[in-house]
Chemist: 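Below you will find the structure I want to go over with you.
Because the structure is a prediction, the values reported are computed rather than measured. Throughout, residue positions are numbered sequentially from 1 according to the sequence presented.
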Amino acid sequence: QQVGGNKIGLRARIQLCLLGLLPAGVALYLGTFPQTTLPQILRPMSVQVDLFEPSTGPKFWRQALELEQKGFGVTHIGKALGITKRGGCLARDYGLMMQEKGLDDPFVELTEPPAQASRWGTRTRRTTDKTVGSAEGRILVEPPLPDPKSKADA
């Protein structure tokens, strides 16, 4: 869950062992050595991957905070990061909050369902076209296509 908000993002925690990608003979040979003697890259490692795109604040907070500490304003922060002035302000404010809380990761692991989560639930298709039915069972009514033969005759 995003710190300071109710947005939920999925993360994958993967146990990666590159030794298993080597040819069988090499892996078998290297497998006879103690783990501590193997090069670091071949030792099993835990990798965490975000399966979502973070919003502006969590995505740019570190860079925005560095620029703000150098004395740059939000307009320059936004331009430097390739985001809007508002985005620069959000990222800077998020960075100040992270610094105040002494946190390094803008997301915390949930061990139980949150009391309130952003964007959980069903989404209905919003359209300006005519629809028939209730909100639960909308059916889009599209006008019939013109008959191509009638156009050729006209």
Side-chain angles (χ1 to χ4, degrees), residues 1-140:
Q1 182 171 2
Q2 183 176 314
V3 173
N6 60 0
K7 292 182 182 174
I8 306 294
L10 295 177
R11 280 188 167 165
R13 200 173 288 137
I14 303 166
Q15 188 68 19
L16 183 63
C17 182
L18 296 179
L19 189 61
L21 297 176
L22 296 174
V26 176
L28 185 63
Y29 173 73
L30 290 174
T32 62
F33 293 99
Q35 291 271 334
T36 55
T37 60
L38 290 175
Q40 183 70 31
I41 191 71
L42 294 177
R43 296 182 195 162
M45 64 184 96
S46 183
V47 179
Q48 187 168 284
V49 180
D50 289 342
L51 304 176
F52 61 96
E53 184 67 31
S55 57
T56 305
K59 187 174 186 176
F60 295 105
W61 73 272
R62 287 181 208 272
Q63 302 95 315
L65 193 58
E66 287 174 10
L67 291 169
E68 198 268 340
Q69 289 171 345
K70 291 178 182 176
F72 294 107
V74 291
T75 302
H76 179 81
I77 291 171
K79 284 182 183 176
L81 298 177
I83 56 179
T84 63
K85 177 182 174 182
R86 173 76 176 135
C89 184
L90 289 170
R92 183 212 49 203
D93 292 348
Y94 200 85
L96 292 171
M97 180 200 60
M98 292 291 291
Q99 186 178 46
E100 181 182 300
K101 292 185 177 201
L103 298 173
D104 192 41
D105 186 354
F107 293 91
V108 294
E109 185 174 350
L110 292 175
T111 56
E112 58 187 44
Q116 185 178 7
S118 172
R119 302 182 185 147
W120 279 20
T122 59
R123 290 185 178 218
T124 58
R125 181 177 175 181
R126 294 183 183 160
T127 179
T128 56
D129 295 329
K130 294 180 181 179
T131 57
V132 175
S134 65
E136 297 84 31
R138 292 186 180 195
I139 301 170
L140 181 62

Chemist: Applying side chain to side chain donor-acceptor pair (under 3.5 Å), can you list everything that pairs with Glu53, at least two apart in sequence or on another chain?
Modeler: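 Side chain to side chain donor-acceptor pair (under 3.5 Å) list for Glu53, sorted by chain: Lys59.
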Chemist: If you round to the nearest 0.5 Å, how far is CZ of Arg43 from SG of Cys17?
Modeler: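 Answer rounded to 0.5 Å: 12.0 Å.
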Chemist: Provide the closest heavy-atom pair for Gly4 versus Met97 in the form atom of the first, atom of the second, distance.
Modeler: CA-SD, 4.1 Å
Chemist: Roughly how far apart are Gln2 CD and Asp105 CG, rounded to 0.5 Å?
Modeler: 11.0 Å
Chemist: Just distance, no hydrogens or angles: give the donor-acceptor pairs under 3.5 Å from side chains in residues 106-115, sequence neighbours left out.
Modeler:
from   : atom 1 : to    : atom 2 : distance (Å)
Glu109 : OE1    : Arg13 : NH2    : 3.0

Chemist: Identify every side-chain donor-acceptor pair in residues 62-78 under 3.5 Å, counting partners at least two apart or on other chains, and give the distances.
Modeler:
from  : atom 1 : to     : atom 2 : distance (Å)
Arg62 : NH1    : Asp104 : OD1    : 2.7
Arg62 : NH2    : Asp104 : O      : 2.8
Arg62 : NH2    : Asp104 : OD1    : 3.4

Chemist: Under 3.5 Å, side chain of Tyr94 to main-chain N/O of Val3, donor-acceptor pair present?
Modeler: yes
Chemist: Flag the pair Phe52 / Arg11 as yes when at least one side-chain heavy-atom distance between them is below 4.5 Å, and no otherwise.
Modeler: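 Yes, close enough: below the 4.5 Å cut-off.
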Chemist: Can you tell me how far the CH2 atom of Trp61 sits from the CG atom of Leu90, to the nearest 0.5 Å?
Modeler: 15.5 Å
Chemist: Looking only at non-hydrogen atoms, find the nearest pair between Ala91 and Thr56 and report the distance.
Modeler: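 So the minimum-distance heavy-atom pair works out to CB-O, 4.1 Å.
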Chemist: Step through the shown structure and confirm whether more than 12 heavy atoms of other residues, nucleotides or ligands are within 6.0 Å of CD on Gln48.
Modeler: yes
